[in-house]
Each structure stands twice: as C-alpha cells, then as structure tokens.
Amino acid sequence: MDAGSVNSSSSSSYLNAQSRWPLRDQFHQKKSSKENLDRFIPNRSAIDFDYAHYMLMEGRKGKENPPASSPSREAYRKHLAETFNMNRSRILAFKNKPPAPVELFPPHFFSSQQQDKPTKPKRSIPQTSERTLDAPDLVDDYYLNLLDWGSCNVLAIALGNTVYLWDASNGSTSELVTVDEENGPITSVSWAPDGQHIAIGLNNSEVQLWDSTSNKQLRTLKGGHRLRVGSLAWNNHILTTGGMDSLIINNDVRVRSHIVETYRGHEQEVCGLKWSPSGQQLASGGNDNLLFIWDRSTASSNSPTQWAHRLEDHTSAVKALAWCPFQSNLLASGGGGGDRCIKFWNTHTGACLNSVDTGSQVCSLLWNKNERELLSSHGFTQNQLTLWKYPSMVKMAELTGHTSRVLFMAQSPDGCTVASAAADETLKFWNVFGAPQAAKPAPKANPEPFSHVNRIR
Amino acid sequence: MASRTVTKDIITLRGSAAIVSEFFGYAANSILYNRGLYPEESFVKVKKYGLPMLLTQDESVKSFIANVTAQLSEWLEAGKLQRIVLVIMSKVTNEVLERWNFSIETDSEVVEKGVSREKSDKEIMREIQAIMRQIASSITYLPCLDEACVFDVLAYTDKDVAVPFTWIESDPKLIANPQMVKLHSFDTKIHKVDTLVSYKNDEWDEQ
C-alpha cells in the first residue's frame with residue numbers, strides 16, 4: 001500500500017514528506033514558484049504552518065487531503081489512485097454469491113454465476129468418446145487451427161487442401177472447398193459468429209471468406225500477410241488474422257480496403273488468437289513463447305501497435321487460449337512441449353493468477369460454459385484430454401483414446417459436446433461437459449428479452 | 001472504576017479490526033436497504049451507532065455478509081486489506097451501476113510492533129454515525145435503480161495474500177466515466193476508512 005513507502009515514524013520531516021508524494025508535486029511547485037528565491041532563507045511569515053502541521057500529522061499516514069482541494073478533485077484523485085493501484089493489489093470476491101432478490105423475473109433470467117446449487121447431483125463423465133470419425137490427411141502441425149464448430153451446429157475441419165463440413169444435427173458431411181495444390185494446404189478455419197460464413201486461412205498467405213449455405217466464395221483477403229495464416233478470430237465484422245510473418249491484422253470484412261489495424265509485437269509465427277467474449281480484448285500467442293493482450297479500444301485510437309500486456313511467462317509456444325465465460329478478464333493459456341503449463345491471467349492487470357504443470361504439451365483449451373471447469377488437450381505421452389475443476393485445478397477426468405497428440409478441440413454451440421481432432425487422423429466426440437438437459441440454461445440468451453430495458457438508461 | 005474508563009480509550013489492532021468489519025456489515029445492510037435491493041419487509045430495525053439501523057433477516061444475505069465480514073476482519077488484523085467495495089449490478093445485464101468504495105489505511109506500526117492507540121469509542125461512533133447518515137441520505141442524489149439489481153463485495157488485499165479457498169480473484173467491476181461523491185471518513189487511529197460512492201453517469205440529465 002501507499003502508506004508502506006512512507007516513513008511512518010513521527011520524526012519524518014516536512015521535506016521528507018514533500019519529496020515522497022508524486023501525486024502532489026504539482027501542488028507544491030505552484031506554491032514554491034511564487035517565491036522565486038535563489039537560496040533558501042527561512043521566512044516564518046511565508047511558511048504555512050497549518051499545512052506543514054497537516055503534512056506531519058496526517059499526511060504521513062498516506063492520506064492526501066490538501067486543504068485547497070475540492071471534493072470533486074479529491075474524488076478524481078481517488079479514481080486515479082485506484083487506476084494506478086490496480087497492479088499492486090489483489091481483488092477478491094467471495095465465491096458464493098449473495099442471493100438475488102425476489103423473483104420479479106422468471107428464474108432462468110438468473111445469470112449462471114449467481115447460482116451455485118450445492119445440491120447438484122454428481123455428473124458422471126463418460127470415459128470414452130461418443131463417436132469417432134475419420135480425418136484423413138489432417139495436417140500434423142501444432143501451429144495451425146483446423147477445427148471449428150459454428151453457432152449453426154456445423155463442424156468445419158480442414159483436411160489437407162479441403163474444408164469439410166459436418167452437420168452435427170443430422171450427421172451429414174459435405175465438402176465446402178478444395179483449394180489448388182499451390183495455394184494449400186489450408187492452415188486455419190473459423191466460423192463467423194452467425195454460423196453461416198466461414199473464414200479459411202491458406203498457406204499462400206491469403207484468407208478466403210465463404211458462405212456455407214450457398215457454398216459460394218464471397219471474397220479473398222490478400223495483401224495483409226506475407227506468409228501462411230495459421231490463426232483466425234472473429235469479433236463481429238472484424239476478422240483478425242495471425243500469420244507466420246508474426247503480424248496480427250484486423251480486417252473489416254465489409255469494406256474494400258479491409259485492413260483496419262495491424263498489431264506488431266510478436267517475433268515469430270502467431271498460432272493462438274482469441275477475442276474475449278465482450279470483444280474488448282484480444283489474446284494472441286506465438287511461437288516466440290509470448291502472450292499478448294491487445295485492447296480494442298486503445299488500438300483503434302492513436303497507438304495501433306501498443307499492447308495492453310506482454311506476458312513472457314511461458315517457456316514454449318503459446319497456442320492454446322481460452323477466455324473464461326463466467327469471469328470477465330480471466331484468460332487461460334497453455335504452453336507447448338517445453339513449457340507444459342496452463343496459466344491463468346487477469347487480463348485487466350496482467351497478473352498471472354495460477355500456473356499448473358500438466359506434464360505434457362498443451363494443444364488446446366476449452367472452458368465448460370455450464371460449470372466452472374476447463375478442458376485441456378495434450379500430446380506425448382498420453383495424448384489425453386484432461387478435465388480440470390476451476391479454480392482448484394483438481395483433475396476431474398482424463399480421457400484417453402487418441403493415439404497421437406490432440407491438436408484441436410471445438411465445442412458444440414450448446415456447450416455440452418467437445419470435438420477433438422488428433423494427429424492420429426481421427427475426430428472424436430466427447431460428452432464431457434454434461435448432457436444438454438442437465439445443464440443450466442445458457443446465460444447468453446438471458447439478456448435478450450430485457451436488453452431494451454437496459455438501453456433506455 | 002477509574003481503570004475501566006482508561007481501558008475503554010485504548011484501542012488494539014484486534015478491536016479496530018472488529019470495529020471496521022462491523023461497520024462494513026452495517027453499512028452494507030444500510031446500502032442494501034436504502035438502495036432497495038431487497039424488499040423492505042426483509043429488514044428489521046435495531047439501534048446502533050446511536051441511530052436506527054436496518055438489518056436484513058434474509059438468511060442467505062445474512063450469512064453472505066457474515067462470511068465476508070469474518071474474512072475481512074482477519075485481513076484487517078493482518079493489515080492486508082486495502083479496500084472493500086460493494087458493487088451493485090443490474091441483475092439482467094450484470095452492468096455495474098454503483099460502487100461503494102471503502103478505502104482502508106492501516107497504521108503499519110501497530111501491525112508490525114503490536115502497539116495500541118488511544119481513541120474513545122464515543123468519538124469513533126460519532127464518526128461512523130456521520131457516514132451512516134450520509135449513506136441513508138444518498139438516495140436523494142443517486143440515480144434510481146429502476147431494474148432488479150444484485151450486489152457483490154470485492155476485497156482489495158495486498159499482493160502477498162493467499163487466496164482463501166472460498167474466495168476467487170475478480171475483476172474490479174469498474175464503472176466507465178463514473179460520477180463520484182466522497183462521504184465522511186472515520187479513523188480508529190489504527191484503521192482509517194474513507195468512503196466514496198461512484199455511480200453510472202446519467203447522460204440524460206447532463207444535457
């Protein structure tokens with residue numbers, strides 16, 4: 001705390017107190033500049049004894065309250081101090097939330113975090129996959145992102161030069177596109193939030209946008225990257241692309257000159273890219289072992305290359321990234337073979353909250369949308385999926401079945417089923433996050449009926 | 001008899017922590033009542049700080065506040081608590097509408113050397129009373145909470161505090177561009193508590 005740095009013994013002198021308070025410098029300078037003397041001659045009539053007394057008796061305890069300050073100025077100063085203080089304290093909240101007031105709204109309008117039912121029956125986690133599909137020619141490359149499950153319940157997977165769509169509602173498979181040999185292979189796929197449009201990153205540094213319902217290509221984004229595009233992330237109409245050229249580019253897919261921002265910070269290939277649920281922060285991980293947090297708001301103003309946080313704690317490539325769905329500003333990141341750690345971050349302060357050595361390369365991470373759980377997928381030696389309880393990080397289940405590293409995972413729109421694609425060229429489906437009917441209603445749908453109420457304010 | 005009056009004015013770290021955490025308990029109750037988070041019927045009147053204070057009878061709210069204050073008092077005794085914030089959020093959107101901010105400055109000498117300080121209960125009580133009156137009168141300037149709201153309590157602690165099992169790390173739940181009003185302070189000579197309420201700027205009134 002601030003007070004800690006101040007000499008708290010009553011012998012602290014006026015000068016001492018004066019030099020220790022950076023926030024008050026301005027105030028003092030104003031005072032002393034009035035009497036522009038070339039040397040110090042004590043002048044009793046010029047000394048503000050009340051102020052000096054205050055500095056000695058009150059100021060030493062860290063409370064700043066210059067007699068001249070107005071309440072609003074004081075409040076502003078507090079706000080400033082609060083903002084600066086952020087990195088020096090921990091912010092904690094009691095886990096069991098207070099009950100919401102009487103039911104003016106139907107119970108399903110509760111956000112999920114308000115309710116922690118202690119009486120919840122134990123969920124049994126199936127140890128085997130529910131279904132296995134062949135995924136021939138799946139490129140065994142840690143740095144790519146070849147699997148995504150869209151909001152319309154269609155799974156997209158890139159196998160070699162072809163993107164296949166698997167409709168989870170009826171199990172039908174279709175081919176979306178096969179790119180030419182010289183442009184391929186496909187290095188990333190990502191569904192737009194509407195679940196209809198899909199972005200495809202290519203080895204030739206281009207990104208294609210497709211309409212999955214009509215199987216038509218809408219446009220090609222080129223000129224942004226010089227090398228393959230291994231990671232993609234959507235934020236409304238912004239498609240963010242991360243390349244082997246270490247650049248991250250925000251593309252506005254609606255406009256002709258689509259490059260709106262470029263984030264420079266990585267020194268090697270960008271392999272992990274995720275926007276926070278609020279769309280305010282982007283997390284990016286690279287082969288340079290770096291994890292960056294970029295603020296959307298600051299980026300769009302004047303300093304496009306300035307990151308919010310540059311986090312160097314991982315000792316291997318950072319590919320697995322997952323934003324917590326129930327706690328804002330909480331990010332989980334996983335390190336590659338040399339690191340093997342899952343780390344948790346407060347992206348507001350940049351503080352590392354926890355780090356767990358998993359014993360194996362972390363290829364991907366997914367949060368359970370309905371419970372406080374995290375699923376990680378791994379490589380050598382077990383090639384397993386591990387389910388962790390958060391925040392205790394107790395292992396709840398280890399799911400084995402893949403015979404080579406589990407490169408990619410994707411979550412069904414209802415949050416219950418997880419698809420995993422591994423280097424053994426199989427795609428497995430796991431009911432690891434519980435059956436839909438047992439799950440609480442998705443909090444996402446909650447704000448809708450009353451969102452207009454909110455906008456009135 | 002004379003010795004009793006003397007001991008009364010001596011305040012220890014433990015006693016100060018108890019005063020501050022109790023103050024927070026009453027302040028939280030008062031805020032919940034005055035801001036209408038829970039129905040009026042669920043509160044009962046008690047006499048405290050020379051004022052009629054309202055306390056919730058809702059068992060779960062009661063136990064939440066009791067759990068929180070118990071932990072706060074532990075941190076206060078260790079001199080590790082920097083701030084307590086009671087956050088009022090929209091129940092539907094979770095948007096933060098109000099933050100009641102209680103900043104705490106601890107006399108580190110007391111924590112480190114175990115010395116005590118002198119201040120009469122009466123004087124402390126008078127200072128707290130002034131804050132309680134301000135909380136009750138805050139409804140005159142705070143914007144109406146015209147939707148169902150929930151609350152949460154955040155504790156800002158020193159970095160080196162081990163997170164208790166029943167607590168989790170939280171984001172600060174800040175309000176963008178808030179209005180702020182500073183309330184009175186009280187000082188036990190060991191813990192100094194500054195109260196500040198910040199709330200969502202109501203742009204409609206500004207124009």
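A, B, ... follow the sequence lines: proteins, then strands. Residue 1 opens every chain. Values reported hereafter were calculated over all heavy atoms of this structure, with side chains retained and with hydrogens, waters and symmetry mates removed.
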Do you know which two heavy atoms are closest between [X] and [Y], and how far apart they sit?
X       : Y       : answer
D171(B) : I91(A)  : O-CG2, 4.1 Å
K159(B) : A351(A) : NZ-CB, 3.7 Å
P98(A)  : F151(B) : CG-O, 3.0 Å
S170(B) : N346(A) : O-ND2, 3.9 Å

Straight-line distance of I65(B) CD1 to F94(A) CZ, nearest 0.5 Å: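 It is 12.0 Å, given to the nearest 0.5 Å.
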Nearest-0.5 Å distance, CZ of residue R90(A) to CH2 of residue W75(B):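 If we round to the nearest 0.5 Å, R90(A):CZ and W75(B):CH2 are 10.0 Å apart.
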Within the supplied structure, the quantity of interest is the number of heavy atoms (other residues, nucleotides, ligands) at a distance under 6.0 Å from [X] [atom1]; does it exceed 12?
X       : atom1 : answer
R14(B)  : CZ    : no
Y141(B) : OH    : yes
K389(A) : NZ    : yes

Flag side-chain contact, heavy atom, 4.5 Å: V150(B) against K97(A):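 No - every pair of side-chain heavy atoms lies 4.5 Å or more apart.
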Interface moiety of V61(B) toward chain A, non-hydrogen atoms closer than 4.5 Å: both
Leading residue by heavy atom contact count with chain A [cutoff under 4.5 Å; candidates L32(B), V153(B), L154(B), I168(B)]: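 Going by pairs under 4.5 Å, I would pick I168(B).
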Contact winner vs chain B - A93(A), S392(A), S328(A), P391(A), heavy-atom pairs under 4.5 Å: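 Looking at each option in turn, the highest pair count goes to A93(A).
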